[in-house]
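These notes concern the structure reproduced below.
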Amino acid sequence: MIKPKIQRYKQPRTISEYPVGPSFQAGHLVFTNSNYRTFKPIIDITLCVGCLACYATCPDGALFRRGKKVSIDYDFCKGCGICASECKAKAIAMKKEEPGRNE
Ligand code: SF4
Ligand code: SF4
């Protein structure tokens, strides 16, 4: 699995150094999630059309491209569900996280 590259966090000093837009590109994340996810997104890859809407809107950069489709890095996914609501192909379903299985 290709994981986002973890980069050293650099404190922005000017407004222009802050990332622009609502989402981050995978690779800006520093910390893995803290086991507070209650729902997790599951991609049905047979329904995915590779539009990358989920990739573009995930606020945590947890989605990454795998060929012409996408995959989720659960180390960084917070379970917010934005990807599922943005997926017009209905390829992403939010499933309740099993207790103790938050990985
Ligand atoms: S939004 Fe849905 S169809 Fe588009 S890339 Fe993501 S999972 Fe695939
Ligand atoms: S549930 Fe939220 S954090 Fe997880 S992959 Fe989807 S948009 Fe990103």
Leu63-Val49 co-clustered via ILVMFWY side chain contacts under 4.5 Å
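Result: no, two separate clusters.
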Give a yes or no on whether Leu52 and Ile82 share a hydrophobic cluster (residues Ile, Leu, Val, Met, Phe, Trp, Tyr; joining criterion: side-chain heavy atoms under 4.5 Å apart).
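Shared cluster, no.
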Whether [X] side chain and [Y] backbone form a donor-acceptor pair below 3.5 Å:
X	Y	value
Arg37	Cys77	yes
Lys69	Ile45	yes
Lys40	Tyr74	no

Test applied, side chain to side chain contact (heavy atoms under 4.5 Å, CB included); reference residue, Pro41; option that passes from Cys58, Cys80, Cys83
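It is Cys83; the other options fail the test.
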Are any non-hydrogen side-chain atoms of Arg66 and Lys68 less than 4.5 angstrom apart?
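The answer is no; the side chains never approach within 4.5 Å.
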With sequence neighbours excluded, tell me which residues meet side chain to side chain contact (heavy atoms under 4.5 Å, CB included) with Ala84.
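Scan of Ala84 (side chain to side chain contact (heavy atoms under 4.5 Å, CB included), adjacent residues dropped) gives Ile92, Met94.
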Roughly how far, to the nearest 0.5 Å, is CD1 of Ile42 from NZ of Lys95?
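Interatomic distance, Lys95 NZ to Ile42 CD1, rounded to 0.5 Å: 7.5 Å.
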How long is the span from the CG atom in Asp60 to the CG atom in Asp73, to the nearest 0.5 Å?
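Taking CG in Asp60 and CG in Asp73, the distance rounds to 11.0 Å.
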